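A short write-up of the structure that comes next.
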Amino acid sequence: MELKNRIRTLVMIGLMVPGLFSQQTPKPLTNDDVITMVKNGMPESVVVSAIQSRSGKFSTSTSELVRLHKAGVTENELNAMIGVSSKGSASQAAVPAPAAAPAVPKSRKPTLSVTSGNTTQVLQLEKTQLAETKTKPSSMKSLASDSVVAQAMQAGVNEAGMAAAMHMNYGVGGESVQQAGTIFSSVMSHRQPKVTYVWGVPGPASSNVLQSAAPSFTLDFSRVLGVTSDDYAPVIVKLTPAQSTCRIIGATQGKADASSSPAADWQIYSNFLEERVNSQLQKLAPGKYKLAPASELAAGEYGVVLRPISKAKKFSGGDVARGQGDGLMFDAVWTFQISEDAQ
């Protein structure tokens with residue numbers, strides 16, 4: 001009898017052990033798991049760490065990448081998923097398998113180099129700040145005198161980014177949003193049918209000082225994820241310094257909640273106010289251009305920006321506020337200063 005009890009006990013332990021081990025082994029992450037983390041507001045750094053530290057079973061087909069992008073998955077998160085998928089494919093290379101599909105090219109942010117005289121250098125891509133005000137975008141001068149805009153740029157506040165984060169349940173990192181009191185409390189009113197959205201860069205002057213009044217630029221934005229490169233072309237704009245705190249790039253009017261809407265229904269550029277510089281543009285390939293001013297530039301502050309070829313192009317306010325996809329393109333700027341002594 002005692003022997004039978006021992007045998008029964010051993011059998012039960014044998015049945016339980018596999019179950020215990022299966023409970024301790026985490027299931028591989030999937031595309032839907034990543035979307036769930038993003039929609040529940042987890043910071044980008046946490047999502048990337050989870051993707052890289054746990055085993056993953058990701059699909060990186062073109063249709064899945066588009067679905068992930070529309071769900072708010074960032075470029076860094078997508079690249080982490082592609083990297084994990086690539087490692088998994090490499091570890092199984094010794095096992096005979098059907099020919100793999102062509103690798104998905106890694107996304108790359110827009111790049112710009114400038115030639116000034118005999119010197120060529122790469123300029124750093126800068127992120128614009130987005131502020132809201134009641135001042136109508138009638139002129140750059142009127143916006144430059146708006147203390148609300150100047151204070152917002154000086155504080156480094158992206159109020160639209162915070163609004164989008166709260167409305168869309170996104171986690172927005174400290175790099176793009178810094179809490180700085182209630183600067184916008186007097187102008188954020190949904191009772192107003194429209195507000196003015198202002199794009200600018202903090203600081204009174206660019207650190208990129210050019211000694212040539214006739215610089216030339218080479219741009220490449222051919223591999224930005226979720227973007228049709230033929231929708232955009234680079235232009236040079238003159239920046240307007242505002243109260244020694246920031247430089248205004250441009251402005252437009254929109255609904256009070258336009259920046260928090262995930263729907264691609266915001267025609268930002270149809271009535272956009274900016275000071276374009278007459279330029280010569282040469283298209284080398286889709287998303288690759290050479291750009292130069294048509295005549296020598298006067299001393300002052302300037303920027304190279306990417307603008308939709310069609311003024312009727314529609315944007316998602318959430319993408320603009322979060323700086324991803326089409327929003328990354330419209331928010332991108334490379335600033336430079338033409339020196340008083342430029343030749």
Side-chain angles (χ1 to χ4, degrees), residues 31 34-44 47 62-79 107 109-110 125 127-132 137 157-173 175-177 184 188 190 193-200 221 223-233 249-272 274 287 305-333:
N31 293 20
V34 174
I35 291 174
T36 298
M37 287 190 286
V38 170
K39 288 191 173 181
N40 279 277
M42 296 187 73
E44 180 188 70
V47 177
T62 301
S63 59
E64 274 299 291
L65 289 175
V66 171
R67 184 174 78 93
L68 289 161
H69 166 68
K70 288 182 177 180
V73 179
T74 67
E75 179 181 343
N76 288 335
E77 291 161 351
L78 287 168
N79 285 334
S107 178
K109 289 186 177 181
L125 173 65
K127 292 182 179 179
T128 60
Q129 299 288 347
L130 184 58
E132 297 179 24
V157 176
N158 189 331
E159 181 69 16
M162 287 191 287
M166 291 183 290
H167 183 81
M168 302 176 70
N169 204 20
Y170 281 161
V172 180
E175 179 182 354
S176 61
V177 179
F184 290 91
M188 291 293 291
H190 286 276
K194 286 187 177 181
V195 296
T196 298
Y197 291 89
V198 183
W199 281 257
F221 50 93
R223 287 166 56 188
V224 179
L225 195 64
V227 170
T228 303
S229 56
D230 281 337
D231 285 353
Y232 296 89
I249 297 171
T252 193
Q253 283 192 313
K255 295 180 181 178
D257 62 350
S259 62
S260 63
S261 172
D265 58 0
W266 188 9
Q267 287 188 352
I268 292 176
Y269 204 53
S270 59
N271 293 289
F272 198 80
E274 62 185 355
V305 294
L306 298 170
R307 293 295 181 248
I309 294 174
S310 169
K311 282 185 170 290
K313 181 174 175 60
K314 297 179 180 180
F315 292 78
S316 157
D319 281 353
V320 173
R322 207 176 185 213
Q324 63 182 22
D326 285 321
L328 168 65
M329 300 292 278
F330 197 85
D331 291 346
V333 62

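Because the structure is a prediction, the values reported are computed rather than measured.
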Worksheet entry | Audit row: Val305, Trp199, side chain to side chain contact (heavy atoms under 4.5 Å, CB included) steps and yes/no | CA-CA 11 Å; Val305 294; Trp199 281 257; over 6 Å; no
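Across all non-hydrogen atoms, the minimal contact from Asn40 to Thr36 is ND2-O, 2.7 Å. Contact between Asp331 and Gly323 at its shortest, heavy atoms only, is OD2-CA, 3.9 Å. Between Arg67 and Ile35 the shortest heavy-atom distance is NH1-CD1, 3.5 Å. Counting all heavy atoms, side chain and backbone alike, Glu132 lies closest to Ser259 at OE2-OG, 3.8 Å.
Take Asp326 and apply the salt bridge (Lys or Arg N to Asp or Glu O under 4.0 Å) test, not counting sequence neighbours, and it matches Lys313.
Tyr269 OH to Ile309 CD1: the interatomic distance, rounded to the nearest 0.5 Å, is 11.0 Å. Arg322 contributes atom CZ, which lies 12.5 Å from atom CG of Leu328 (distance to the nearest 0.5 angstrom). Separation of atoms OG1 (Thr74) and CG (Leu225) is listed at 10.0 Å; rounding is to 0.5 Å. Interatomic distance, Gln267 CD to Lys311 NZ, rounded to the nearest 0.5 Å: 11.0 Å.
Annotation: side chain of Trp266 is not in contact with side chain of Ser261 (no heavy-atom distance under 4.5 Å). You'll find the side chain of Ile268 reaches within 4.5 Å of the side chain of Phe330, heavy atoms only. Side chains of Leu68 and Glu77 form no contact here, defined as non-hydrogen atoms less than 4.5 Å apart. Asn271 has its side chain out of reach of Pro137: every pair of non-hydrogen atoms, C-beta onward, lies at least 4.5 Å apart. Counting heavy atoms from C-beta outward, Tyr197 and Leu130 have side chains that approach closer than 4.5 Å.
Judged by distance alone, with hydrogens and angles left aside, the side-chain atoms of Ser316 form a donor-acceptor pair with the main-chain N or O of Pro262 at under 3.5 Å.
With salt bridges taken as basic N to acidic carboxylate O contacts below 4.0 Å, one links Arg307 and Glu274.
Among the candidates Val320, Asp319, Thr228, Leu306, the single residue satisfying the side-chain contact (heavy atoms from CB on, under 4.5 Å) test with Met329 is Leu306.
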